[in-house]
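What's counted below: heavy atoms across the whole structure, side chains too, no hydrogens, waters or symmetry copies. Numbered from 1 within each chain, the chains take letters A, B, ... in sequence-line order.
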Amino acid sequence: MENKGRFGEYGGQYIPETLMNAVLEVEKAYEFYKNDPEFVAELDDLLKNYAGRPSLLYEAKKMTKDLGGAKIYLKREDLNHTGSHKINNVLGQCLLAKKMGKTRVIAETGAGQHGVATATVAALMGLECEIFMGKIDCERQALNVYRMKLLGAKVNAIETGTGTLKDAVNAAMREWCSRMDDTHYVLGSVMGPHPFPTIVRDFQSVISKEIKQQILEKEGRLPDAVLACVGGGSNAIGAFYEFIEDKEVELYGCEAAGEGADTPRTAATMTTGTIGIFHGMKSIFCQDSDGQIAPVYSISAGLDYPGIGPEHAFLAKEKRAKYVPVTDEEAVEAFEYLSRVEGIIPAIESSHAVAYAIKLAKTMDKDKIIVVNLSGRGDKDVAAIARYRGEKLFD
Amino acid sequence: MKTSFENIKIQDAFNDEKALITFITGGDPDLGTTKKLIEAIQNAGCDLIEIGIPFSDPIAEGPVIQEADERALSNGCTTDKLFDAIKEVRMSGKVTIPMVFMTYANVVFAYGTEKFMKRCNECGMQGIIIPDIPFEEKREFSEICKKYGVDFISMIAPTSEDRIKMIAKEASGFLYVVSSLGVTGIRSDITTDIDTMIAHVREVSDIPTAVGFGISNKQQAMNMASKSDGAIVGSAIVKLIGEYKKDCVPVVEKYVRNLKQGVDAAKTNSDIEKNLVG
């Protein structure tokens with residue numbers, strides 16, 4: 001019983017007693033439905049005909065040539081319906097919520113991508129939907145707030161704490177604690193109490209299943225490295241999962257260093273954090289010596305989180321994956337680079353992975369292959385990047 | 001060396017049958033006020049005090065206690081400073097009622113669970129409540145608590161149902177009965193069937209029970225103490241501290257005195273019932 005939902009020493013179920021039966025109910029339902037052929041078929045159909053899967057594995061020839069190193073492929077999660085990988089998990093969890101007889105879903109969101117995906121699927125499935133989003137994030141991702149409202153969701157701007165993703169999670173957990181009878185909490189990343197890190201990973205692992213099949217078709221072999229940005233870590237675990245046993249494939253999680261991992265204005269959890277217990281899990285967190293959670297910072301609202309999913313903490317400890325810091329400036333340069341060179345505007349989150357790919361590719365021989373998970377599209381970030389560059393935009 | 005507080009036990013709070021338990025956030029608005037509050041609250045008739053160690057992200061708390069945590073942290077309260085303040089209060093010999101900490105897992109874990117419980121023992125804290133440690137995860141903490149004579153206090157909630165007996169069987173100190181869904185805060189009505197929850201507890205354990213979450217007046221304190229062995233009042237007191245800041249001590253003392261009358265009335269009521277049955 002005590003080692004349930006553990007990845008080594010990480011994971012667990014550190015939540016108030018009030019939520020325990022709700023979490024156990026989710027666990028039980030998931031254990032049943034993940035093997036239920038009808039559920040699996042329904043989800044497959046939604047992924048194919050609603051989300052638009054499989055997503056493309058695109059060979060970035062111009063970028064490869066320009067950098068002069070390893071061959072670069074982009075896994076185009078940005079082409080999914082709603083514009084990011086978040087839909088993979090949301091379709092799975094909302095379908096599960098329906099099977100559990102829930103009529104209402106709640107979710108936290110940082111950049112708004114998970115909120116938009118949840119609001120979208122709630123609209124499709126006829127579920128009531130309420131989103132919790134930090135006030136600062138509502139400001140920097142105003143377009144996504146309106147998008148969620150358009151989809152019929154109620155958006156709560158959270159003013160407590162730092163007004164970012166961490167506070168949105170706090171608020172969503174508090175809300176779930178007060179109403180779980182008819183409500184499922186669609187956690188958006190591989191974090192929180194068991195079974196969420198496992199459920200979200202399973203639903204996102206479709207990314208690496210497809211990458212593996214597609215790269216074998218195109219290249220007849222596995223890639224040398226897979227890169228993904230990591231905040232909570234859902235797109236990263238999705239991109240890594242099927243390669244974990246393939247030890248020759250290097251896995252890189254690119255975390256948000258903000259103004260630098262050596263400054264307080266950072267969200268680079270693996271680089272600067274220590275082990276702790278927060279948001280339902282034992283994992284690595286940015287915190288002070290008293291265990292107070294640090295007010296982290298990144299230009300990317302989606303990576304602006306002081307923790308990381310427990311399975312990533314485990315992969316790092318086992319030295320199976322490497323976690324590297326990428327600054328705001330590097331991410332913005334990558335955002336501009338990919339737009340200019342490949343005509344693809346990546347999400348500022350995904351730009352962290354692109355930035356590290358630019359560095360890494362140059363150090364690798366031309367016969368090497370790297371896959372970058374392009375977790376989302378960057379339309380939502382255009383205004384913020386323009387501001388960062390000092391452009392004056394008119395509404 | 002024998003200390004004056006070595007023999008204080010959580011059970012002391014329940015010897016008088018019905019206990020009034022109060023909560024304050026340590027270091028809110030500052031540690032000096034906390035020390036004065038502890039003494040005043042005891043003198044007003046409180047039987048057990050819960051001291052919150054402030055945490056940046058208290059997910060089981062409503063806005064009132066969240067704000068108290070923020071005030072305490074921004075005024076420089078740390079775990080060590082709070083331990084020192086408690087020890088000072090205990091060494092003065094003026095506070096003899098049992099006291100317990102209430103804080104989040106990460107505060108204890110970051111301090112080092114072993115070191116934390118050892119200091120609890122040295123400073124005269126009799127127990128700890130960690131709302132984000134459910135039954136499934138408690139061993140990691142409760143084993144070390146046991147080693148240092150600190151009671152690990154478990155909670156049951158309106159949603160616990162089939163879990164109540166499992167939790168009650170292993171409970172120590174007292175059993176915290178969460179009255180309502182959601183987070184801490186003042187509520188006009190408590191609609192949970194507390195009687196049934198307590199009945200499930202009684203099937204497996206004699207441990208004292210106390211009801212908390214939402215209690216803010218004499219009448220509610222009386223009702224909840226009638227159904228159980230005690231009433232826990234937190235947000236209503238913390239709200240007064242937030243309003244009156246450094247001047248809160250006499251206001252809180254008066255308020256606690258009033259709550260105590262409610263709890264005492266519950267005792268009288270249960271004595272009458274016993275006599276009627278007898």
Side-chain angles (χ1 to χ4, degrees), chain A residues 1-6 9 11-25 27 158-162 166-167 169-181 183 192-194 274-283 285-295 306-307, chain B residues 53-63 66-67 69-70 73 77-82 103-113 116 130-141 154-164 166-167 176-185 213:
Chain A
M1 174 158 61
E2 265 182 305
N3 288 318
K4 203 165 61 174
R6 292 278 174 174
E9 69 190 297
Q13 289 179 308
Y14 298 90
I15 48 167
E17 171 59 23
T18 306
L19 281 176
M20 274 308 298
N21 265 331
V23 164
L24 294 172
E25 184 193 353
E27 185 184 341
I158 307 305
E159 297 191 24
T160 54
T162 48
K166 163 193 80 120
D167 308 286
V169 175
N170 290 347
M173 280 192 170
R174 287 181 183 127
E175 171 65 19
W176 201 29
C177 223
S178 69
R179 186 171 167 188
M180 61 280 274
D181 248 18
T183 300
H194 174 71
T274 51
I275 187 168
I277 298 170
F278 184 50
H279 279 164
M281 57 185 170
K282 186 177 278 183
S283 191
F285 300 96
C286 299
Q287 56 183 326
D288 70 12
S289 59
D290 259 4
Q292 308 295 346
I293 303 302
Chain B
I53 307 177
F55 182 49
S56 53
D57 297 87
I59 58 151
E61 313 297 345
Q66 284 175 44
E67 283 164 24
D69 281 18
E70 276 176 34
L73 289 173
C77 183
T78 65
T79 309
D80 265 327
K81 284 182 190 170
L82 187 53
T103 194
Y104 288 80
N106 204 44
V107 171
V108 180
F109 187 78
Y111 196 86
T113 307
F116 186 96
I130 313 178
D132 56 346
I133 298 294
F135 183 84
E136 279 74 356
E137 303 292 351
K138 78 170 181 152
R139 204 133 294 158
E140 183 181 348
F141 293 84
S154 299
M155 304 174 106
I156 56 171
T159 48
S160 295
E161 296 172 359
D162 51 326
R163 299 169 52 82
I164 292 179
M166 169 179 89
I167 296 166
Y176 193 126
V177 182
V178 177
S179 77
S180 311
L181 294 182
V183 293
T184 55
F213 278 43

Working for side-chain contact (heavy atoms from CB on, under 4.5 Å), residues A:D290 and B:V107: CA-CA 6 Å; A:D290 259 4; B:V107 171; over 6 Å; no
Region of B:F109 that comes under 4.5 Å of a non-hydrogen atom in chain A: side chain
Engaged part of B:P54 at the chain A interface, taking heavy atoms whose separation is under 4.5 Å: backbone
Segment of B:I167 engaging chain A (4.5 angstrom heavy-atom cut-off): side chain
Check: A:Y14 and B:E140 side chains under 4.5 Å, non-hydrogen atoms: yes
Those residues that, when tested against B:N106, pass side chain to side chain donor-acceptor pair (under 3.5 Å) (two or more places apart): A:Q287
Residues in salt bridge (Lys or Arg N to Asp or Glu O under 4.0 Å) contact with B:R163, at least two apart in sequence or another chain: A:E17, B:E136
Interchain contact, B:E67 with chain A, by part (heavy-atom threshold 4.5 Å): neither
4.5 Å side-chain heavy-atom contact, A:P193 and B:E137: no
Derivation of the side-chain contact (heavy atoms from CB on, under 4.5 Å) call for A:Q292 and B:F55: CA-CA 6 Å; A:Q292 308 295 346; B:F55 182 49; 3.5 Å; yes
Residue, of B:S154, B:P63, B:P131, B:P158, that accumulates the most heavy atom pairs under 4.5 Å with chain A: B:P131
Test item: B:D132 and A:I15 side chains (from C-beta on) under 4.5 Å apart, heavy atoms: no
Toward chain B, the part of A:S289 with a non-hydrogen atom under 4.5 Å: backbone
Side-chain heavy-atom pair A:N170, B:Q66 within 4.5 angstrom cut-off: no
Interface moiety of A:I275 toward chain B, non-hydrogen atoms closer than 4.5 Å: both
Student check: side-chain heavy atoms of B:D57 and A:D167 closer than 4.5 Å: yes
A:D181 portion near chain B, given a 4.5 angstrom heavy-atom threshold: neither
Chi angles and distances behind the side-chain contact (heavy atoms from CB on, under 4.5 Å) call for A:M180, B:L181: CA-CA 9 Å; A:M180 61 280 274; B:L181 294 182; 4.1 Å; yes
For chain A, the option from B:A105, B:P58, B:S180 that forms the most heavy-atom pairs under 4.5 Å: B:P58
Residue B:I156 versus chain A: region with a heavy atom under 4.5 Å: backbone
Residue A:F278 versus chain B: region with a heavy atom under 4.5 Å: side chain
Flag side-chain contact, heavy atom, 4.5 Å: B:Y104 against A:I277: no
Minimal non-hydrogen separation, A:R174 against B:I59, with atom names: CG-O, 3.1 Å
Greatest number of heavy atom pairs closer than 4.5 Å to chain A - which of B:I133, B:T79, B:V108, B:V178: B:T79
